[in-house]
Amino acid sequence: MKISAFHLMPHRELPADFEQKYESVWVTPPWWELADAGRVGQYYNWTLDELIYAARAGFDGVCTNEHHQNAYGFMPSPNLMGSVLARATAGTNVAVVQMGATLPTSNPPLRVAEEYAMLDCISGGRLVAGLPLGSPMDVNLCYGITPLEHRERYREAFALTLKAWQAREIFAWNGRYFQLANVNLWPRPVQQPHPPVWVPGSGSISTFDFAVEHDVCYCFLSYSGARSAKTMMDGYWKVVADKGRDPNPYRAGFLQLVAVAESDARAEEKFARHVEYFYHKCLHVPSVWFAPPGNQDYRSLVATLNNPVRRAVDPKTLRYRDFVDRGYVIAGSPATVRDRLKEDVVKGLRVGNLMVLLQIGSMPHELALENIDLFAREVLPDLRGCWDDEGWVNHWWPESLRARPGAPRAAVPAGAGRP
Amino acid sequence: MTRETTHTVWQGQVRIPVVSQGTGPALVYFHGPWGLTWSPFLDELARDFTVYAPRHPGTSPDAPEDVYHLDGLWDLVLCYDELLTALGLSEVVLVGHSFGGMVACELAAAYPARVRRQALLAPLGFWRDTDPVVNWMLLDPQALRARMFRDPDGEAARAMFGAPPPGESEGGVAPFGRPGESEGGVTPFGRPGESEGGAAAVAARVAQTWAMGVTGKFIWPIPDKGLRRRVHRVTAPTLLLWGKDDRVVPPVYADEFTRRIPGARLQVVDGAGHAPHLEQPQAVARTVRDFLAARA
């Protein structure tokens with residue numbers, strides 16, 4: 001299987017009373033009170049160094065993502081980060097997994113097609129093209145896209161992007177949201193017919209259908225662990241079966257928070273406050289903002305209101321041990337982490353493309369590097385062989401990298417990240 | 001007794017159910033963002049008028065997706081012109097609430113010859129940076145209820161939102177959510193798992209949420225879609241009614257209308273928030289009837 005290091009680029013030093021004092025970590029947190037550009041520059045560089053370090057340590061891919069107006073994770077342009085990573089991992093077998101640039105907010109969305117093609121050229125065909133719908137906070141609240149038009153706009157942009165990468169002739173696009181009289185993309189991606197496409201989602205039946213119909217890798221970006229995701233992913237696999245696709249585990253991606261230490265007890269000592277910071281502060285968002293009316297299509301709205309999931313838990317009432325017990329975070333010794341990842345995530349959800357978040361909330365740079373290092377040395381090698389016995393092909397990974405495990409350590413230029 | 005008939009416009013693609021009652025001159029009532037509920041206010045108007053209350057495209061449960069055939073506000077206005085023709089009405093008086101008030105005023109600007117008089121209840125349509133219209137689509141149910149109504153526990157609030165929930169406060173509590181999770185785990189209203197009151201209550205929540213989403217199409221993210229460039233075309237004598245305690249669209253917005261529509265008159269309604277016709281149905285209906293019945 002393929003294992004990638006994911007990063008949010010969070011604010012690492014929010015005040016202790018942040019969630020009492022402010023309405024939300026997203027959309028409305030006041031920059032002038034909470035942040036400093038010089039310090040934020042340090043965060044960006046730490047983030048890049050941590051991902052480059054992960055690439056060097058043996059991960060198969062490095063992931064960035066797009067969010068706006070928040071302290072939870074603020075890479076408004078993931079492709080700026082991705083281009084640094086593409087260059088810094090030149091000559092390796094590490095994939096640049098953009099999770100990614102948000103189509104509905106890119107106008108015209110050709111910009112995403114172009115930048116991804118650039119990244120694929122710069123990286124020599126190592127791009128994984130994540131094409132997310134974008135969160136309602138980013139797309140509807142920050143970028144002003146009408147909730148009812150969010151999905152339609154996405155579907156049109158998705159179709160345009162795929163066509164722009166592949167068309168042999170110049171074409172006109174006379175769409176509902178985008179009109180372009182001469183589409184002639186420069187550059188085109190190295191990977192043919194186009195880079196592998198991943199579509200992140202969160203359990204909407206509409207997105208299941210979309211992902212399966214378009215034969216892309218569906219990625220569940222979850223902060224509540226495998227157990228909470230089980231029903232959802234079972235639903236996804238049912239759609240895969242119903243639509244006659246094979247149960248190739250590489251059709252599924254999953255994001256898991258992971259914290260590894262010498263022992264379970266040491267993991268708690270080292271990581272407890274960072275995990276709590278993440279769940280208490282970084283996810284501090286009014287719940288209605290996750291679903292402004294119209295954002296869910298009618299079918300999903302009816303399904304949601306008729307089959308409400310069991311009463312959700314307010315994460316602010318939970319502590320480190322609760323997060324671990326509930327599987328939101330997989331934390332502990334390398335053996336603990338290995339077992340839980342294999343059983344709960346990889347086998348439990350049938351996941352072939354695993355993403356792990358190893359820099360969590362306030363976790364400082366040095367500690368993030370320790371977490372990455374221990375995971376790469378003690379956990380990752382054991383996971384890599386999962387699914388090999390079933391003989392599936394990972395069609396959703398750059399072809400030239402499919403057979404090859406991540407970076408040979410020496411291949412990453414010295415000075416990138418800290419050893 | 002109300003009757004409901006569905007009219008199809010827009011090349012057969014958009015079905016608009018119209019609830020009607022009464023006899024007399026034609027009055028068209030455009031509902032607000034929360035869907036159409038026949039109310040005592042409309043009963044009162046139906047004493048002097050034939051009230052036609054169309055459901056905005058997409059807001060009826062049997063045709064939720066018809067709205068996708070419309071690109072924007074201009075299409076919606078054209079649809080209503082087609083609807084008036086389908087109803088056989090060449091000339092009407094208009095009443096509209098909130099979003100429906102904006103629709104009425106757009107129609108009066110686009111087709112001045114069709115609109116004899118109009119009464120607008122806390123209409124949308126303008127924007128002031130100093131007094132922003134509150135985005136009700138981003139409020140949790142209690143906050144919405146409290147903002148909408150002068151008396152959040154009163155009869156009008158109950159008619160729209162059901163009985164007030166038990167003591168537990170949700171304000172400021174962020175139930176567990178994950179980015180991108182608009183799609184399944186989190187319900188727009190209240191917390192997942194909280195639906196009470198059975199199938200009818202769920203259906204009502206679906207209808208109300210979807211009505212907000214559908215009408216939101218025409219006003220997101222700022223409910224100023226250029227009425228200020230068109231409103232000079234309005235020739236219909238105009239009455240504005242505003243709840244004194246409107247905390248969704250502050251009463252200062254009345255100035256935007258009275259400044260731009262010559263002779264427009266403002267009536268401030270005591271004891272009412274953003275739905276004056278629901279909180280003070282008798283008084284508001286009397287004022288509206290008197291105004292609409294007057295000779296121009």
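Proteins come first, then strands; the chains are lettered A, B, ... in the order of their sequence lines, and each starts at number 1.
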>> Using modelled atom types and a 3.5 Å cut-off, is there a donor and acceptor pairing between side-chain atoms of B:Glu256 and backbone atoms of B:Arg228?
In response: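 No, because the side chain of B:Glu256 does not come within donor-acceptor range (under 3.5 Å) of the backbone of B:Arg228.
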> So which of A:Leu318, A:Leu141, A:Val302 has the biggest tally of heavy-atom pairs under 4.5 Å with chain B?
Replying inline: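 Heavy-atom pairs under 4.5 Å are most numerous for A:Leu141.
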> In terms of heavy-atom pairs under 4.5 Å with chain B, which of A:Gly144, A:Ser206, A:Ala303, A:Gly294 leads?
Replying inline: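 Highest number of heavy-atom pairs under 4.5 Å: A:Gly144.
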Under 6.0 Å between the ring centres of [X] and [Y]?
X        : Y        : result
A:Tyr22  : A:His284 : no
A:Tyr223 : A:Phe278 : yes
B:Tyr253 : B:Phe126 : no

> Is it the backbone or the side chain of B:Tyr68 that comes under 4.5 Å from a heavy atom of chain A, or both, or neither?
Replying inline: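 Backbone plus side chain of B:Tyr68, per the 4.5 Å heavy-atom cut-off to chain A.
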> Taking the six-membered ring for Trp, are A:Tyr143 and A:His68 parallel (under 30°), tilted (30 to 60°) or perpendicular (over 60°)?
Replying inline: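 Ring orientation, 0 to 90° scale: tilted.
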> If you round to the nearest 0.5 Å, how far is CH2 of B:Trp10 from CD of B:Gln13?
Replying inline: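 These two atoms lie 8.5 Å from each other.
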>> Using heavy-atom distances under 4.5 Å, tell me whether A:Asn140 contacts chain B through its side chain, its backbone, both, or neither.
In response: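 It is both, since atoms from each part get that close.
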> A:Glu152 versus chain B, heavy atoms under 4.5 Å apart: side chain, backbone, both or neither?
Replying inline: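 Looking at A:Glu152, just its side chain touches chain B.
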> Just by distance, with hydrogens left out, do A:Glu156 and A:Trp173 show a side-chain donor and acceptor under 3.5 Å apart?
Replying inline: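 Result is yes, a qualifying pair exists.
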> How about residues 58-65 of chain B versus chain A: which residues have heavy atoms under 4.5 Å apart?
Replying inline: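 Expected list: B:Pro61, B:Pro64, B:Glu65.
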> Quick one: side chain to side chain contact (heavy atoms under 4.5 Å, CB included) partners of B:Ala275, sequence neighbours excluded?
Replying inline: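 For B:Ala275 the side chain to side chain contact (heavy atoms under 4.5 Å, CB included) partners, ignoring immediate neighbours, are B:His97, B:Met148, B:Phe149, B:His277, B:Leu278.
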> Under 4.5 Å between any side-chain heavy atoms of A:Val288 and B:Leu139, yes or no?
Replying inline: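 A side-chain contact is absent here, since even the closest heavy-atom pair is not under 4.5 Å.
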> Do you know which of B:Val214, B:Ile222, B:Thr215, B:Val206 has the most heavy-atom pairs under 4.5 Å to chain A?
Replying inline: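 Maximum pair count with chain A is reached by B:Val206.
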